[in-house]
Amino acid sequence: MQRFFDVVQDRSGNCIPNALVYVYVGSTSTLATLYSDNGVTTTPNPVTTNSDGEYAFYAANGTYTLQIQATGYDSQSRPGTIIFDPADGGVGVFVQDGSGAVIRTAQNKMRESYSVKDFGAVGDGVTDDSAAVQTAVNNMTAGGTLVFPFGTYKINTSILVPYSNITIIGNGSTIDATTLAYNGAVRGSGAVFRLITPSAVHGATLTATANQGSFTLALSSATNFAVGQTVRCISTEVQYRNDTGIAYYCDVNKITNVSGLNITLESPLLYPLTVSPYTVNVRSLMPIENIDISGFTMLGGGVRATPLANGNGPCGIYGVGVDNISVRNCRFYGFQGIAVYVEYVQDFTVSDCYFEGVDPTVAITEGQNSGFYAAYATYGRRVLFTRCIGQRVRHIFDGFMVFQFVQADSVANNTHRAAFGSHENTYDLDIVGNVSYSCYAGVVLRALTANVTGNTFTAGTINNPNWIGFSANLAITMSQMLYTDPGQARFVINSNRIYSYGTGTGAVSVVASCDQLTISDNLFVGGAPSIQSNNADINLNNVVITGNSFLFDGSVSFTSAITMAQAINGTLRNWVISNNTARNHTFQVVSMHGSNDVTNPADCIKITDNLALVAPGSAQAAVTLRPTGYYGDNIVIRGNSQWGTSVNVPTVLACSGQTYRMRGYPVVELNDETIKTNQGNRAVVYASSTTPTVLNDATLFRGSVIQNTASSAGGPNYWVVTTAGTNGTITGVTGAITAGTNILTLSGNDNTKVYAGSFITV
């Protein structure tokens with residue numbers, strides 16, 4: 001009995017729509033006729049048979065009512081829409097549903113993507129699928145999509161992906177890389193996927209200084225430089241030094257034009273690249289581009305007995321020379337190295353991923369087995385890490401020499417170093433909307449420019465008892481950047497919530513030279529010092545600390561809101577500390593130290609309108625000029641208040657029995673505290689004095705006046721500093737002056753006895 005179907009059947013009887021028609025009529029049967037709808041006889045072309053009597057019909061494209069006639073059998077006809085295509089190679093054709101759809105061969109349709117199982121991958125979690133996956137990738141030289149059907153794929157050898165326009169889809173599959181081999185001589189060899197450009201790195205030197213804002217570089221040679229290459233410039237000129245090394249002037253960019261010995265950059269230089277007396281090396285490579293990896297769970301090897309240099313292996317995903325790469329919706333477990341690491345990269349995104357490092361039972365020793373990072377970028381521009389979660393790693397996000405670097409909307413738990421931040425030579429770092437808790441620190445800033453906004457950092461005790469030698473007391477810490485180098489940082493720390501920090505160096509630790517620092521509108525809650533700087537080798541200029549709230553819980557002695565020590569060798573210029581509120585503090589709200597360098601005093605310091613609600617029994621002034629060093633010109637302490645103290649404590653303490661030398665006229669006025677009968681500058685005292693008095697120590701406020709403008713001269717709020725000596729008499733000083741001039745040259749004088757504003761008799 002012959003059979004006819006308007007769908008294809010394979011030899012097992014499974015239906016395959018719209019493809020080749022098989023008719024079984026017996027081994028001795030003969031095909032008679034194939035009719036079209038209009039009744040015209042169509043000769044099948046070609047007609048094949050085999051020993052089973054299987055006939056395959058091919059005809060021109062069209063709709064047919066097929067009637068199959070075979071010798072010795074009754075005829076049978078059955079209507080149906082069958083599309084035949086003689087060019088389909090015998091595998092059938094495909095037409096998408098919908099108006100305007102065109103006919104495609106099924107072969108073409110099914111080759112839209114590659115499956116690793118097409119090349120022999122098993123996905124049973126036992127078989128090593130490395131070779132099969134590599135073969136699949138090797139067949140994607142023109143790009144395409146590589147699909148991992150759901151399963152567990154054992155990968156024991158890294159998969160090299162050297163092509164552009166590659167999409168790799170995990171479909172929720174697991175990559176078991178727990179025994180992944182690592183070869184220290186081959187960078188990234190411990191990665192599941194190695195995204196490596198086949199392009200070599202080319203080099204030249206810069207021959208002319210390129211100014212800030214410039215798009216053009218003049219090279220010693222433009223050989224092998226081409227449009228589209230990623231270019232990295234690195235100078236021998238020091239940008240800054242920190243506690244671990246030296247950072248140099250640099251730039252990461254893309255070439256948009258090559259003309260003679262000049263190349264044009266995609267983005268303007270943020271900083272000048274100075275040629276003389278420095279050397280600027282320019283290196284470039286042609287990246288692969290448009291790589292998307294999603295939908296995997298990757299299992300790493302956990303902690304290895306032998307430390308791995310720089311944490312580069314084993315990795316989940318490793319890339320060198322990649323543009324427009326994204327890693328999405330992946331989960332990474334137990335990688336000792338960096339789970340996702342890329343260098344020479346532009347337009348790099350890691351999003352919606354989960355990272356988990358070591359097991360809670362594993363002991364972590366710094367410098368031995370602590371190289372756990374979630375995502376890291378080096379030599380990059382336009383990098384976004386967002387909507388990720390990570391725990392029990394060294395850092396969640398980090399980078400080195402990255403321009404336009406955003407870390408946003410992510411959660412970190414139990415990191416044994418800072419959850420977020422960067423290493424050296426990072427520019428325009430934005431850390432926005434993140435949450436960290438039980439971490440060593442929320443953020444470490446080694447950037448040159450950074451914005452830390454809208455984050456929540458909660459400290460407490462690190463939950464992992466196996467972190468060895470780590471404490472948790474920081475929200476934001478800055479790497480030491482020394483004043484001796486030309487590069488200085490510009491930081492904004494705004495609208496963050498910082499909770500429950502214990503004793504230590506401050507919830508915000510300022511140990512970086514800054515030429516712009518704004519700390520504003522943050523909430524500090526807990527027991528620790530809040531904003532603190534104790535570094536001796538930095539410049540702190542153009543600083544604004546305003547609108548912050550400090551809510552201390554009274555659990556820690558000597559808690560202060562703002563403690564700033566002027567660097568012994570640095571500068572302190574242009575400060576505004578205003579409109580901050582502190583509650584329940586046990587130490588000063590604002591504590592300012594001076595410099596020991598008389599040639600480099602502080603200048604332009606304004607402390608105004610701060611409110612202190614002191615802890616019960618506290619015996620500290622709200623604003624204190626600390627007993628060290630020199631102060632300079634233009635110091636204003638005005639309108640500050642301290643309320644609620646149960647002891648006789650001033651709002652402003654000028655010093656504590658030590659020497660201050662001020663070359664200008666500081667203004668200390670309209671400060672008050674509620675314990676005194678008379679407010680105003682009676683809340684200002686020198687040393688242990690509690691009442692205003694005429695001060696006869698010329699080492700305090702040389703030639704200066706502390707006054708309340710509402711008082712008359714000589715009133716209780718008008719202080720005058722007189723010269724040292726007996727009733728103003730100076731002994732052992734001689735002088736000479738030329739008639740008709742106003743220059744008097746003295747000998748035997750020291751500057752504590754004669755100063756600007758003094759009255760002397762010649």
- Task: Apply salt bridge (Lys or Arg N to Asp or Glu O under 4.0 Å) to the pair Asp515 and Arg573, showing each step before the final yes or no.
- Result: CA-CA 9 Å; Asp515 58 14; Arg573 299 279 191 276; over 6 Å; no
- Report the C-alpha distance between Ile476 and Ile493 in whole Å, list the side-chain angles of each, state the deciding distance to 0.1 Å, and finish with yes or no for side chain to side chain contact (heavy atoms under 4.5 Å, CB included). CA-CA 9 Å; Ile476 302 168; Ile493 299 171; 3.5 Å; yes
- Message: Assess the residue pair Cys514 and Phe491 against the criterion (side chain to side chain contact (heavy atoms under 4.5 Å, CB included)); give the C-alpha distance rounded to whole Å, side-chain angles, the decisive distance to 0.1 Å, and a yes or no.
- Response: CA-CA 7 Å; Cys514 295; Phe491 295 151; 3.9 Å; yes
- Between Lys606 and Ile637, is a side chain to side chain contact (heavy atoms under 4.5 Å, CB included) present by the stated rule, with each step listed? CA-CA 6 Å; Lys606 187 174 183 180; Ile637 304 175; over 6 Å; no
- Can you check side chain to side chain contact (heavy atoms under 4.5 Å, CB included) on Phe550 and Asn584, steps first, answer last? CA-CA 9 Å; Phe550 305 92; Asn584 214 34; over 6 Å; no
- Verify side chain to side chain donor-acceptor pair (under 3.5 Å) between Asn414 and Ser438, making sure each step is shown before the conclusion. CA-CA 5 Å; Asn414 208 203; Ser438 295; 5.7 Å; no
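No donor-acceptor pair closer than 3.5 Å links the side chain of Asn640 to the backbone N or O of Leu611. Within the 3.5 Å criterion, the main-chain N or O of Leu540 finds a donor-acceptor partner in the side chain of Trp575. Of the possible donor and acceptor atoms, one in the side chain of Asn496 sits under 3.5 Å from a partner among the backbone N and O of Val452. A donor-acceptor contact shorter than 3.5 Å links the side chain of Thr415 to the backbone of Arg417. In this structure a side-chain-to-backbone donor-acceptor pair under 3.5 Å is present from Asn455 to Ile431. Formation of a donor-acceptor pair under 3.5 Å by the Ser410 side chain with backbone atoms of Cys388 is found in this model. Asp398 places a side-chain N or O within donor-acceptor distance of the main-chain N or O of His423, the cut-off being under 3.5 Å. Between the side chain of Ser533 and the backbone N or O of Val510, at least one donor-acceptor pair lies under 3.5 Å.
Pairing each heavy atom of Asn548 with each of Ser520, the nearest pair is OD1-C, 3.4 Å. The minimum heavy-atom distance linking Val350 with Ala375 is given by the pair CG2-CB, 4.3 Å. Of all the heavy atoms in Val393 and Gly357, the pair that sits closest is CG1-N, 3.6 Å. Contact between Pro268 and Gly213 at its shortest, heavy atoms only, is CB-O, 3.5 Å. Here the shortest heavy-atom pairing between Ser436 and Gly442 reads OG-CA, 3.6 Å. Taking all atoms of both residues into account, the shortest heavy-atom contact from Leu572 to Met592 is CD2-CE, 3.9 Å.
There is no side-chain donor-acceptor pair under 3.5 Å between Asn579 and Asp609. Remark: the Tyr249 side chain and the Glu237 side chain contain no N/O donor-acceptor pair separated by less than 3.5 Å. Donor-acceptor pairing under 3.5 Å is lacking for the side chains of Asp521 and Ser495. Side-chain N/O atoms of Thr456 and Arg497 include a donor and acceptor closer than 3.5 Å. A donor and an acceptor atom, one from each side chain of Asn541 and Asn574, are nowhere located under 3.5 Å apart.
We find the SG-CD1 distance between Cys439 and Ile396 to be 7.0 Å, quoted to the nearest 0.5 Å. Note that CZ of Phe397 is 7.5 Å distant from OG1 of Thr386, once rounded to the nearest 0.5 Å. In this structure, CG on Asn434 lies 7.0 Å from CD on Gln407, to the nearest 0.5 angstrom. Rounding to the nearest 0.5 Å gives a distance of 8.0 Å between CZ of Phe552 and OG1 of Thr586. How far SG of Cys250 is from CZ of Phe403: 4.0 Å, rounded to the nearest 0.5 Å. The distance from the CG atom of Leu429 to the CG atom of Leu445 is 6.5 Å, given to the nearest 0.5 Å.
Salt-bridge check for Asp428 with Arg382: failed, with every basic side-chain N at 4.0 Å or more from each acidic carboxylate O.
Under the 4.5 Å side-chain criterion, counting only non-hydrogen atoms from C-beta, Arg381 is not in contact with Arg232. Between Gln239 and Leu448 the shortest side-chain heavy-atom distance falls below 4.5 Å. At a threshold of 4.5 Å between non-hydrogen side-chain atoms, the residues Ile577 and Ile562 count as touching. Taking 4.5 Å as the limit, every side-chain heavy atom of Val402 sits out of range of all side-chain heavy atoms of Tyr379. Between Val411 and Tyr437 the shortest side-chain heavy-atom distance falls below 4.5 Å. Contact annotation: the side chain of Phe457 approaches that of Val443 to within less than 4.5 Å [non-hydrogen atoms, C-beta and beyond]. In this structure, Gln212 and Pro272 have side chains that are in contact, with non-hydrogen atoms separated by less than 4.5 Å. Counting only heavy atoms from C-beta outward, the side chains of Val508 and Ile519 approach each other to under 4.5 Å.
The aromatic rings of Phe385 and Phe348 sit perpendicular, their planes meeting at an angle over 60°, well past the 30° parallel limit.
Here the rule is side chain to side chain donor-acceptor pair (under 3.5 Å) with Asn580, and of Asn522, Asn610, Thr546 only Asn610 fits it.
In this view, Thr378 and Tyr341, Glu343, Tyr376, Phe400 satisfy the side-chain contact (heavy atoms from CB on, under 4.5 Å) rule, not counting sequence neighbours. Annotation: salt bridge (Lys or Arg N to Asp or Glu O under 4.0 Å) contacts of Arg490 (sequence neighbours excluded): none.
Note: Tyr427 and Phe405 fail the aromatic proximity criterion, with ring centroids not under 6.0 Å apart. Annotation: Tyr373 is in aromatic contact with His395 [ring centroid separation under 6.0 Å].
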